[in-house]
Amino acid sequence: MDLHLILEGRRDLAGQLFRQLREAILAGRLAAGAKLPSTRELAAQLGVSRKTTLDAFDRLIAEGYLATRPGGGTYVAAGLAREAGPASTSAIRPLAPSPFWAGLPEALALPAGEALAPYDFRGGVTDKRLFPFAAWRRCLDTALAAQARRRSGYLDPAGDPALRSEIARYLAFSRAVACARDEVVVTQGAQQAIDLLARVMLRPGDVVALESPGYPPVRASFAAQGAVLADVPVDGEGLVVERLPDNARLVYVTPSHQFPWGMSMSLERRLALLDWAGRRDALVIEDDYDGEFRFAGRPLDALKSLDRAGRVAYVGTFSKTLFPDLRIGYAVPPPSLVGALRRARQVGDWHGCALTQAALAAFMAEGHFARHLRRARKHYADRRARLLAHLRGPLSPWLEALEPAAGIHLAARLAPGHDEATLIAAARPAGISLYGVSAFYAGQPPVPGLLFGYGGIAAAEIDTALAQLPEVWGRLG
Ligand SMILES: Cc1ncc(COP(=O)(O)O)c(C=O)c1O
């Protein structure tokens, strides 16, 4: 083990060495009984004469910090040194993070995989069993070879140019969002895209309007920038535009698939929102987090594709089409914000992982992404149909399913007289994890319901789990 010692200049080297070793022993960084390097090794490591290290060791031995043993070697003396570990915490006054961060619930982090029940209906996760890992590995290998050949250096904060081209092509084709490669900023998921947009738009005290209920991490991101949050209700057509506060500088919406209830925003509301934003110079963030999976009806035009006034930032992600731990998403802001967004990205972390971005560009260019989407869509359509059959059939005394047009989760309102927490607790001993909708309400009284994610649970598992619920819930009386 190399000891971390730094000797300065050439004066009193033995004294410097003595003081640093003594300090390391007293602070517990050198534990009682730890063996020190020989004076010869230490002299070589530090580039000093052997006499310097011998003098320092002699003094430490004389003062009882070190001891020699008959078989040879020098050790930290047992009695004087503390046990290794942090210095006594009672002597340290903790630093206080700013109240916002101290107050944020840890629960923003989802439970880890090992703690999951056998039948887990969480939203927002995908099925890695469907993902073509062999093709992904080949794309990673190619990207790695290219990375090894490239000279070391930082890259464009907006992300891999080939990936941005692929994203622009994909958006034009599948979402009718026309954008140039240089308008796309690749991010660590939708979450970072939204966080960066908030950073470049907001000053403390600015008003941000959000759908209520909504996705808590996005809410936390706006609050972290010092925004004043205005909760705006949703109904069967999405955000109720006439309830927007006049002074909102930013509006966050999930028009393809409202989170968590799942309805899509009507065309009328979309046009009303664009008109509102155009008149007030507000930015609208369109979070299209899982709109790729559409099962019913003609896809409604993305807000971005209807935006003539340059007010919409479109946000997408590969978390729901591929998997969330990939951490790749993107923003297509209005052209006026592209420069600021790139600079904000650079200030934050310069850019994302070049290897996965290049691999993803190849994965898309070679057609694997489109193939995977087609395949996943079939599986998810089947799961969704089975879920709806259970909810509308044997589970209808408890739940009223809302039919989502898109996405990888659906929600169901509770029938009158039932309570989220009771239904969730009753299912748990049967190995079934369910999730309530109330957790997504902040400002308004919650409408109780359950959210069923079907991205991570196979069709047969859905059947096995849900077939048990009528009996389990029936026992509740
Ligand atoms: C509504 C909504 N927006 C954004 C995200 C975050 O996606 P990402 O993993 O790309 O950050 C999620 C994830 O579940 C979500 O549900």
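One-based numbering, in listed order, for ligands and for the atoms of each. Because the structure is a prediction, the values reported are computed rather than measured.
- Considering backbone and side-chain atoms together, Gln188 places no N or O closer than 3.5 Å to any N or O of ligand 1.
- Within a 6.0 Å radius of CD in Gln468, other residues, nucleotides and ligands contribute more than 12 heavy atoms.
- Listed by number with element, the atoms of ligand 1 under 4.0 Å from a non-hydrogen atom of Phe259 are 1 (C), 16 (O).
- The closest approach between a heavy atom of Tyr252 and any atom of ligand 1 is below 4.0 Å.
- Distances from ligand 1 to the non-hydrogen atoms of Gln192 include no value under 4.0 Å.
- The side-chain contact (heavy atoms from CB on, under 4.5 Å) with Pro334 is formed by just one residue from the set Val312, Leu283, Leu341; it is Leu283.
- Closest to atom 5 (C) of ligand 1, if we only count protein heavy atoms, is Tyr215 CE2, 3.4 Å.
- Contact atoms of ligand 1 toward Arg327: 8 (P), 9 (O), 11 (O) (distance under 4.0 Å to a heavy atom of the residue).
- The shortest N or O to N or O distance between Tyr289 and ligand 1 is not under 3.5 Å.
- Paired with Tyr314 under the rule side-chain contact (heavy atoms from CB on, under 4.5 Å), one option of Val284, Leu303, Leu171 passes, and it is Leu171.
- Taking the six-membered ring where the residue is Trp, the centroids of Phe318 and Tyr330 are separated by under 6.0 Å.
- Heavy-atom contacts of Lys320 reach the following atoms of ligand 1: 12 (C), 13 (C), 14 (O) (cutoff under 4.0 Å).
- Taking the centre of each ring, Phe293 and His257 stay at or above the 6.0 Å mark.
- Set against the non-hydrogen atoms of Ser319, the atoms of ligand 1 under 4.0 Å away are 8 (P), 9 (O), 10 (O).
- For the ligand labelled ligand 1, residue Asp287 lies inside the 4.0 Å heavy-atom shell.
- In terms of N/O distances under 3.5 Å, ligand 1 is approached by Ala190.
- Tyr380 has its ring centre no less than 6.0 Å from the ring centre of Phe295.
- Two rings, from Tyr435 and Phe452, have their centers 6.0 Å or more apart.
- Judged by distance alone, with hydrogens and angles left aside, the side-chain atoms of Arg327 form a donor-acceptor pair with the main-chain N or O of Pro324 at under 3.5 Å.
- Residue contacts with ligand 1: Gln191 is placed with a nitrogen or oxygen under 3.5 Å of a nitrogen or oxygen of the ligand (distance criterion only).
- Interface atoms of ligand 1 facing Thr317, defined by a heavy-atom separation under 4.0 Å, are 8 (P), 10 (O).
- Under the 3.5 Å distance criterion, the side-chain polar atoms of Ser305 are left unmatched by any main-chain donor or acceptor of Asp301.
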